[in-house]
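Note sheet for the following structure.
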2 protein chains.
Amino acid sequence: MAKLVSERADVIPALAEVFREYGFEGASLSLISERTGLGKGSLYNFFPGGKQEMASAVLKEIEGWFTTRIFAQLQWEADPRVAIEQMVEAVREYFQSGRRVCLVGAFAVANTRDLFAKPVRSYFAVWQKALAGALARAGKDKESADQLAEEALASIQGSLILARALGEPAVFERALTRLLISLLE
Amino acid sequence: MAKLVSERADVIPALAEVFREYGFEGASLSLISERTGLGKGSLYNFFPGGKQEMASAVLKEIEGWFTTRIFAQLQWEADPRVAIEQMVEAVREYFQSGRRVCLVGAFAVANTRDLFAKPVRSYFAVWQKALAGALARAGKDKESADQLAEEALASIQGSLILARALGEPAVFERALTRLLISLLE
DNA sequence: GTCTATAGATCGATAGAC
DNA sequence: GTCTATCGATCTATAGAC
């Protein structure tokens with residue numbers, strides 16, 4: 001055991017960072033090779049489908065992270081208010097207080113959007129449904145739960161963009177603070 | 001007069017559409033040539049700085065559109081509530097009810113972000129300031145005006161992403177409806 | 001399994017005929 | 001001023017040595 005990089009899963013975090021920083025098209029194979037420390041041969045050994053399979057693997061890992069850390073709590077945590085608080089904290093941590101861009105959001109508007117339309121759609125749809133469910137269990141009627149969840153996701157995505165555009169991560173922090181209040185009131 | 005395409009300004013709308021659809025890197029010169037109907041020679045005659053100058057020209061035109069149609073009203077319209085209503089309508093129209101992506105937002109998170117950081121920052125900063133000013137004139141205190149304006153921009157950007165990701169332009173429409181209410185209440 | 005070398009295509013940009 | 005032809009660089013992906 002204790003191998004540094006010898007399994008497919010080991011390179012995915014590095015892949016994710018490269019795609020986040022450079023986007024799908026901007027992340028060239030030479031750059032990926034450099035940042036993962038793997039030659040192109042090794043990369044194609046792990047991902048026979050090439051760059052597209054690498055990006056798909058990253059999206060799958062992201063979906064896994066959110067499922068474990070956020071969606072599952074929203075669905076199964078006994079106290080939905082606690083689950084919502086944990087969601088906001090996990091989101092703050094994941095996006096590094098507004099310094100990290102959302103790869104799924106970026107893929108949603110990029111020109112490569114059709115390549116990843118299904119996982120992108122699923123990511124937001126599952127999140128919206130899980131959050132709306134928790135809000136409903138917290139006492140909201142179905143209609144406003146659906147609407148609040150939709151607003152929440154849009155607020156997270158929008159404040160990430162605004163924070164990045166203005167060079168002010170605090171915009172993201174403020175949005176999360178308001179979000180917590182509006183979801184729990 | 002009545003020339004079809006014989007001035008620099010005539011090709012900018014087509015350029016804007018290509019950049020919106022394919023992003024900066026995805027918009028290749030061959031594609032741009034095809035969509036504008038101009039050979040590369042002509043393109044470089046209009047834009048000696050190449051693709052980067054084309055994108056800058058597009059950003060400048062976008063800034064001009066928003067300045068005329070939105071920012072100016074927010075600043076100078078006698079009734080700030082009327083200006084805000086007009087803003088929401090202009091935004092709905094501009095983004096084609098959620099079917100059109102925001103190029104400035106896309107440039108803010110793309111890997112080319114440093115290339116256009118200044119105009120991107122300016123676009124959002126000026127908008128936020130103009131909207132906050134109108135809200136203040138409508139009776140809000142400065143602090144909540146600033147915050148509301150920030151929320152509004154994030155909501156527009158976020159709902160555009162969400163609408164695109166889910167394939168549901170209605171998400172954007174709903175966000176605008178809520179926005180109008182929250183800004184005028 | 002991992003590397004280097006390179007194929008084959010396309011990129012942004014330029015040169016030169018007209 | 002607009003085109004075509006083409007440059008050198010870079011891209012994804014593959015082949016083959018080890």
Side-chain angles (χ1 to χ4, degrees), chain A residues 1-60 103 106-107 110-116, chain B residues 1-60 103 106-107 110-116:
Chain A
M1 12 253 159
K3 332 170 218 178
L4 265 178
V5 170
S6 43
E7 289 184 34
R8 203 183 111 117
D10 293 333
V11 302
I12 294 187
L15 281 178
E17 270 313 299
V18 180
F19 283 127
R20 251 187 284 268
E21 280 183 47
Y22 297 90
F24 181 73
E25 299 203 271
S28 72
L29 282 188
S30 359
L31 184 62
I32 291 173
S33 172
E34 182 186 315
R35 295 281 285 264
T36 57
L38 264 60
K40 296 186 188 176
S42 306
L43 287 170
Y44 274 88
N45 178 47
F46 285 145
F47 307 94
K51 208 161 81 157
Q52 191 171 338
E53 188 174 335
M54 298 178 207
S56 293
V58 167
L59 285 180
K60 197 163 187 174
L103 186 63
F107 276 9
N111 54 324
T112 45
R113 68 185 79 99
D114 344 7
L115 278 181
F116 308 107
Chain B
M1 8 256 162
K3 333 171 215 177
L4 265 179
V5 170
S6 42
E7 289 185 33
R8 204 183 109 115
D10 293 334
V11 303
I12 293 188
L15 281 178
E17 270 313 301
V18 179
F19 283 126
R20 252 188 283 269
E21 280 183 48
Y22 296 90
F24 182 72
E25 299 203 271
S28 72
L29 282 187
S30 355
L31 185 62
I32 292 173
S33 173
E34 182 187 314
R35 297 279 286 263
T36 56
L38 263 62
K40 295 186 188 178
S42 306
L43 288 170
Y44 274 87
N45 178 48
F46 286 144
F47 307 94
K51 209 162 80 158
Q52 191 171 339
E53 188 173 337
M54 299 179 206
S56 293
V58 168
L59 284 180
K60 196 162 185 173
L103 185 62
F107 276 9
N111 55 324
T112 45
R113 67 184 81 100
D114 341 6
L115 277 180
F116 308 107

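Here is how names work: the chains are called A, B, and so on, in the same order as the sequence lines, proteins then strands, and each is numbered from 1.
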Interatomic distance where [atom1] belongs to [X] and [atom2] belongs to [N] [whole Å]:
| X | N | atom1 | atom2 | value |
| --- | --- | --- | --- | --- |
| A:Tyr22 | D:dT10 | OH | P | 15 Å |
| B:Ile32 | C:dC11 | CD1 | C1' | 12 Å |
| A:Leu15 | D:dT12 | CG | P | 13 Å |
| A:Phe46 | C:dG1 | CZ | P | 8 Å |
| B:Gln52 | C:dC11 | CD | C1' | 16 Å |
| A:Tyr44 | D:dA13 | OH | C1' | 4 Å |
| A:Leu43 | D:dT14 | CG | P | 13 Å |

message = Under 4.0 Å, counting only non-hydrogen atoms across every strand here, what does B:Gly41 touch: a base, just sugar-phosphate, or nothing?
response =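 Contact class for B:Gly41: base.
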request  = Choose from C:dA13, C:dC3, D:dT2 the nucleotide whose nearest atom is closest to any side-chain atom of A:Leu38.
outcome  =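 For A:Leu38, the side-chain atoms sit closest to C:dC3.
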request  = Select one nucleotide: of D:dT12, D:dG1, C:dA13, the one nearest the side-chain heavy atoms of A:Lys40.
outcome  =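 Closest nucleotide among those given: D:dT12.
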message = By the definition side-chain contact (heavy atoms from CB on, under 4.5 Å), identify the one residue from B:Leu15, B:Leu103, B:Val58 that meets it with B:Arg20.
response =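 Single pass found, and it is B:Leu103.
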query = Where each residue is assigned the nucleotide of DNA chain C containing its nearest heavy atom, which of B:Met54 and A:Gly39 is assigned the position nearer the 5′ end?
reply =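 Mapping each residue to its closest nucleotide by heavy atoms, the 5'-most match is A:Gly39.
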key: Contact nearer the 5' end of DNA chain D, comparing B:Ser42 with A:Ser28   =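 Residue closer to the 5' terminus by nearest nucleotide: B:Ser42.
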Please list, one pair per line, the donor and acceptor atoms closer than 3.5 Å that link side chains of residues 38-46 of chain A to other protein atoms, with sequence neighbours excluded.
none

ask   = Which class fits the ring pair A:Phe116 and A:Phe24: parallel under 30°, tilted 30 to 60°, perpendicular over 60°?
value =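 Aromatic pair A:Phe116/A:Phe24 classed perpendicular.
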